[in-house]
Amino acid sequence: KFIKRAGPGYIVDLLDLKDMSQASFELVMPNTAAPTRNRISVLSPLGSSLLGLTTGEIGRVNLWGCSCRFQILGIRDSTSVTTKEEQLTP
């Protein structure tokens, strides 16, 4: 059975274990990163901490002096996702 691992081209659904909030991020190469559109570089602190993780695993990243823990809720292929901005672009 193929196990999806977080990496470029995937959207990763996360659960923040401190405040139980959820967020989704698309992992991309640095030249296509757009943090305001939830596209984060695999070389960023969060992006690099996600690499190789699978659904259910716990990750940790240090952001702004805080050690944040999160759980991977799911990993999806991003090629099937189109943003509103991309739909409007000719």
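The first residue of the sequence shown is numbered 1, and numbering continues consecutively from there.
- Using a 4.5 Å heavy-atom cutoff, the side chains of Asp77 and Ile11 are not in contact.
- Met20 places a side-chain heavy atom less than 4.5 Å from the side chain of Leu15.
- Tracing side-chain contacts under 4.5 Å through hydrophobic residues (I, L, V, M, F, W, Y), one never reaches Ile58 starting from Val61; they form parts of separate clusters.
- Distance NZ/Lys18 to SG/Cys66: 5.0 Å, rounded to 0.5 Å.
- Taken together through direct or relayed side-chain contacts under 4.5 Å among Ile, Leu, Val, Met, Phe, Trp and Tyr, Leu53 and Leu63 form part of one hydrophobic cluster.
- Phe25 has its side chain within reach of Leu46: a pair of non-hydrogen atoms, C-beta onward, lies under 4.5 Å apart.
- Among all heavy-atom pairs drawn from Ala33 and Pro35, the shortest one is C-CD, 3.9 Å.
- Looking at Leu17 and Gln71, their side chains come closer than 4.5 Å, going by heavy atoms from C-beta outward.
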*Test log, rule side chain to side chain contact (heavy atoms under 4.5 Å, CB included), inputs Leu50 and Val42*: CA-CA 8 Å; Leu50 292 170; Val42 295; over 6 Å; no
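- Side-chain contact between Arg60 and Ser49: absent, with no pair of heavy atoms (C-beta onward) separated by less than 4.5 Å.
- Rounding to the nearest 0.5 Å places OG of Ser41 at 12.0 Å from CD of Glu26.
- Between Leu51 and Pro8, some side-chain heavy-atom pair lies under the 4.5 Å cut-off.
- When all heavy atoms are compared, the tightest approach of Gly74 to Thr55 is CA-OG1, 3.7 Å.
- Remark: Phe70 CZ to Glu57 CD distance equals 10.0 Å, nearest 0.5 Å.
- Annotation: side chain of Lys4 is in contact with side chain of Tyr10 (closest heavy-atom distance under 4.5 Å).
- The distance from atom CD1 of Ile40 to atom OG of Ser48, rounded to the nearest 0.5 Å, is 9.0 Å.
- The residue from Val12, Leu73, Asp13, Leu14 that alone fulfils the side chain to side chain contact (heavy atoms under 4.5 Å, CB included) condition with Ser24 is Asp13.
- The closest donor-acceptor contact from the side chain of Thr32 to the backbone of Val28 lies at 3.5 Å or more, if one exists at all.
- Without hydrogens or angle criteria, Thr54 side chain to Arg5 main chain gives no donor-acceptor distance under 3.5 Å.
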